Amino acid sequence: MATDPSDPAEYVEAVLDLVERIPPGRVMSYGAIAEALAPRFGRGGARRVGTIMALHGGSVAWYRVVNASGRTPPGHELAARRRLLAEGVAFRGERVDMARHAWFPDE
DNA sequence: GGGGTGACCCAGT
DNA sequence: TACTGGGCCACCC
């Protein structure tokens, strides 16, 4: 079906689809996204998710995706911070308070 | 076939 | 907290 691991485009779609499901005020790390899709696609990794976001993130809520440390993507720190603050996400200095806002599809 | 690159991650210092 | 080194995987020359 649409989840054909042999088609790279399907993985991209799955990543973007998952990002769209992140509730406002919550965030996910690149690694967490890779982990969440692992059962379905098996392949991929945090690094790949990052590349996908860099290329196609513009069409989704890219600012809800941060690295494992809670840092916002390079070059977009200000924009990400503004949007996240507007959604009620707490910051600790320059990073998101992951312990408080990290989200996982299971919820 | 070989080597460099990247919106990553983790452990060690 | 910051920096370093190793591992990771797909993509591009």
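Protein chains get the first letters and strands the later ones, always in sequence-line order, with residue 1 at the start of each. What you are looking at is a predicted structure, and each value in this text was computed from that prediction instead of being measured.
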request  = For A/H76, enumerate each residue passing the ring pair (Phe, Tyr, Trp, His ring centres under 6.0 Å) test, keeping only those at least two apart in sequence or located in another chain.
outcome  = A/W62
inquiry  = Applying a 4.0 Å non-hydrogen cut-off, can you work out what A/S29 is touching in the nucleic acid: base, sugar-phosphate, or nothing?
reply    = sugar-phosphate
query = Quick one, which residues of residues 80-106 of chain A touch DNA chain B with a heavy atom under 4.0 Å?
reply = none
task = Go through residues 52-62 of chain A and report each residue with a non-hydrogen atom lying under 4.0 Å from DNA chain B, sorted by number.
result = A/M53, A/A54, A/W62
key: side-chain contact (heavy atoms from CB on, under 4.5 Å) against A/D97, all qualifying residues, sequence neighbours excluded   = A/A90, A/R92, A/A99, A/R100, A/H101
task = Apply side-chain contact (heavy atoms from CB on, under 4.5 Å) to A/A54 and list each qualifying residue two or more places apart in sequence or on a separate chain.
result = none
key: All pairs passing salt bridge (Lys or Arg N to Asp or Glu O under 4.0 Å) where residues 60-73 of chain A contributes a residue, at least two apart   = A/R64-A/E87
inquiry  = With salt bridge (Lys or Arg N to Asp or Glu O under 4.0 Å) as the rule and sequence neighbours excluded, what pairs involving residues 29-39 of chain A come up?
reply    = none
query = Do A/F91 and A/V96 have side-chain heavy atoms sitting under 4.5 Å apart?
reply = yes
task = Evaluate the side-chain proximity of A/V89 to A/R83: yes if any heavy-atom separation is below 4.5 Å, no if none is.
result = no
Look for any protein N or O under 3.5 Å of an N or O in nucleotides 6-13 of chain C and output each such pair with its distance, or none.
residue	atom	partner	partner atom	Å
C/dG7	O6	A/R47	NH1	3.4

Spacing of A/S59 atom OG and A/E20 atom CD [to the nearest 0.5 Å] = 7.5 Å
inquiry  = Quick check on side chain to side chain contact (heavy atoms under 4.5 Å, CB included): which of A/T72, A/L18, A/V60, A/I22 does A/V65 satisfy it with?
reply    = A/I22
task = Give me the first and last nucleotide of DNA chain B, going 5' to 3', that has any atom under 4.0 Å from a heavy atom of chain A.
result = B/dG6 to B/dC10
Test salt bridge (Lys or Arg N to Asp or Glu O under 4.0 Å) applied to A/E94 - qualifying residues, sequence neighbours left out = A/R81
Can you give each donor-acceptor pair under 3.5 Å made by side-chain atoms of residues 24-33 of chain A, sequence neighbours left out, with the distance rounded to 0.1 Å?
residue	atom	partner	partner atom	Å
A/R26	NH1	A/A102	O	3.1
A/R26	NH1	A/E107	OE2	3.3
A/R26	NH2	A/E107	OE1	3.0
A/S29	OG	A/A32	N	3.0

Heavy-atom closest contact (A/F41 atom, A/E10 atom, distance) = CZ-O, 3.8 Å
message = Set out, in order, the CA-CA distance, both residues' side-chain angles and the distance that settles side-chain contact (heavy atoms from CB on, under 4.5 Å) for A/L85 and A/R82, then state yes or no.
response = CA-CA 5 Å; A/L85 284 175; A/R82 256 183 30 185; 5.8 Å; no
Inter-nucleotide P distance (C/dC13, B/dA7), Å rounded = 16 Å
